[in-house]
Every structure is written in C-alpha cells, then in structure tokens.
Amino acid sequence: MDVSFDWQLVRIGSMDGPSRPPYSQMFTSVQQLEAFCDENRNGLGLAASYGDVDFEQTAAAYDESFFENSCLLLVFLEEGSGSTRIVAEDVTFSEDTLTAHIARHTPEASGLMGTADMAYWAVFLALDAKYGTCPVELDIR
C-alpha cells in the first residue's frame with residue numbers, strides 16, 4: 001500500500017553517526033529528535049550549511065504540533081559524488097513494515113561527468129503518526 005508522505009533533502013557535513021549509511025531513524029516526538037541532534041551534532045556535521053537550508057533549521061520545523069499527527073523518518077545516505085541527485089520516490093506499507101524507496105540519480109548514468117567530492121545527505125520523510133512504531137526497510141536504488 002502506498003503511504004502519503006512529504007520529504008525534504010538536506011546535505012550534512014559528515015557521516016560519523018550512530019551507524020554506517022545508509023540507515024534510518026524514526027522519531028515520534030520533538031524530544032527524540034532534539035536528543036538525536038544533540039548527540040550527533042558533531043559526528044554528522046549537523047551544523048554545517050550547504051546552500052540555503054541546513055539540517056538544524058529543517059529539524060526545527062518539526063515541532064510539537066507536527067508530532068501530534070505525524071512522525072518523522074530520517075534516512076542518512078553517503079554518496080561518492082556531490083553531483084548524485086537523491087529522490088524519495090515513494091513509501092510503502094506491507095505486512096506491518098514501512099519501506100522507503102530512495103533513488104540515486106548519477107550524472108554518469110546520463111553520460112555526464114560527476115564531481116569527486118563526497119556528499120552526505122539526510123532525507124526527511126514526514127509520515128502519518130500511525131507508522132511511527134513500524135519496522136523500517138530501505139530500498140536504495
């Protein structure tokens with residue numbers, strides 16, 4: 001079953017977090033999200049800013065009113081090139097498991113040359129609160 005979701009993509013500074021990418025973490029409250037940010041601010045380079053929006057600004061938008069009816073799934077990715085584009089294609093629910101389908105679009109696949117810089121990404125997926133306790137699988141393509 002397809003799950004309705006909204007998403008944002010934010011580049012972060014590094015990937016020395018609680019696990020090796022790709023990995024995900026579900027949040028059902030502001031307190032959980034704030035604790036995660038406090039514990040991983042340095043290791044994930046959450047204070048780094050690439051462009052107009054940074055991780056901490058984005059995370060701050062998920063407040064008490066958001067968590068009244070929603071949960072937040074964060075997916076962390078590491079890419080060999082900053083030219084790789086990340087797209088949250090869809091989220092599905094089957095047999096009590098939530099699956100986030102994330103696509104990687106590389107320049108090389110289009111016959112173009114990519115950059116040689118490492119890029120670390122946080123994908124914010126806003127979901128209905130009823131999915132907050134479900135096991136999560138990642139389908140990264």
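Values below: every heavy atom of this structure, side chains too, minus hydrogens, waters and symmetry copies.
Leu77 is listed as a side-chain neighbour of Pro22, based on a closest heavy-atom distance under 4.5 Å.
The structure places CG of Leu125 at 9.5 Å from CG of Asp6, a figure rounded to the nearest 0.5 Å. Separation of atoms CZ (Phe124) and CG (Leu9) is listed at 9.5 Å; rounding is to 0.5 Å. For the atom pair SG (Cys71) and CG (Leu98), the distance works out to 7.5 Å, reported to the nearest 0.5 Å. From Glu56, atom CD reaches atom CD1 of Ile12 across 11.0 Å, with rounding to the nearest 0.5 Å.
For the ring pair (Phe, Tyr, Trp, His ring centres under 6.0 Å) test, residues two or more places apart in sequence or in another chain that qualify with Phe76 are Tyr23, Phe36. Thr97 meets the side-chain hydrogen bond (donor to acceptor under 3.5 Å, both in side chains) test with no other residue; sequence neighbours excluded. The side chain to side chain contact (heavy atoms under 4.5 Å, CB included) search around Ser70 returns Phe66, not counting sequence neighbours. Contacts of Asp38 classified as side-chain hydrogen bond (donor to acceptor under 3.5 Å, both in side chains), with partners at least two apart in sequence or in another chain: Arg41. When the salt bridge (Lys or Arg N to Asp or Glu O under 4.0 Å) test is applied to Arg104, the partners found at least two apart in sequence or on another chain are Glu79. Taking Glu39 as the reference, nothing meets the side-chain hydrogen bond (donor to acceptor under 3.5 Å, both in side chains) condition, with sequence neighbours excluded.
In plain terms, the two heavy atoms of Leu127 and Ser4 that are nearest each other are CD2-O, 4.0 Å. Scanning all heavy atoms of the two residues, the minimum distance from Thr84 to Trp121 falls at O-CZ2, 4.3 Å. Minimum interatomic distance between Cys37 and Phe55 (heavy atoms only, all atoms of both residues): SG-CE2, 3.5 Å. When all heavy atoms are compared, the tightest approach of Val123 to Trp7 is CG1-CE3, 4.1 Å. The shortest non-hydrogen separation linking Asp139 to His101 is OD2-ND1, 2.7 Å. Here the closest heavy-atom approach between residue Thr92 and residue Val3 is recorded as C-CG2, 3.9 Å.
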side-chain contact (heavy atoms from CB on, under 4.5 Å) between Leu72 and Phe67, intermediate numbers included = CA-CA 8 Å; Leu72 177 65; Phe67 284 106; 4.1 Å; yes
For side-chain contact (heavy atoms from CB on, under 4.5 Å), just list the numbers for Leu74 and Leu33, CA-CA rounded to whole Å, side-chain angles, deciding distance to a tenth of an Å, and then say yes or no.
-> CA-CA 10 Å; Leu74 283 178; Leu33 181 58; 4.2 Å; yes
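Each salt bridge (charged side-chain N to carboxylate O under 4.0 Å, His left out) pair with one or both residues in residues 88-98, not counting sequence neighbours, appears once here: Glu89-Arg141. Applying the side chain to side chain donor-acceptor pair (under 3.5 Å) rule to pairs touching residues 126-138 yields nothing, sequence neighbours excluded. Here side chain to side chain donor-acceptor pair (under 3.5 Å) pairs that include residues 59-68, with residues two or more places apart or in two chains, are Gln8-Tyr62, Gln31-Glu64, Asp63-Ser65.
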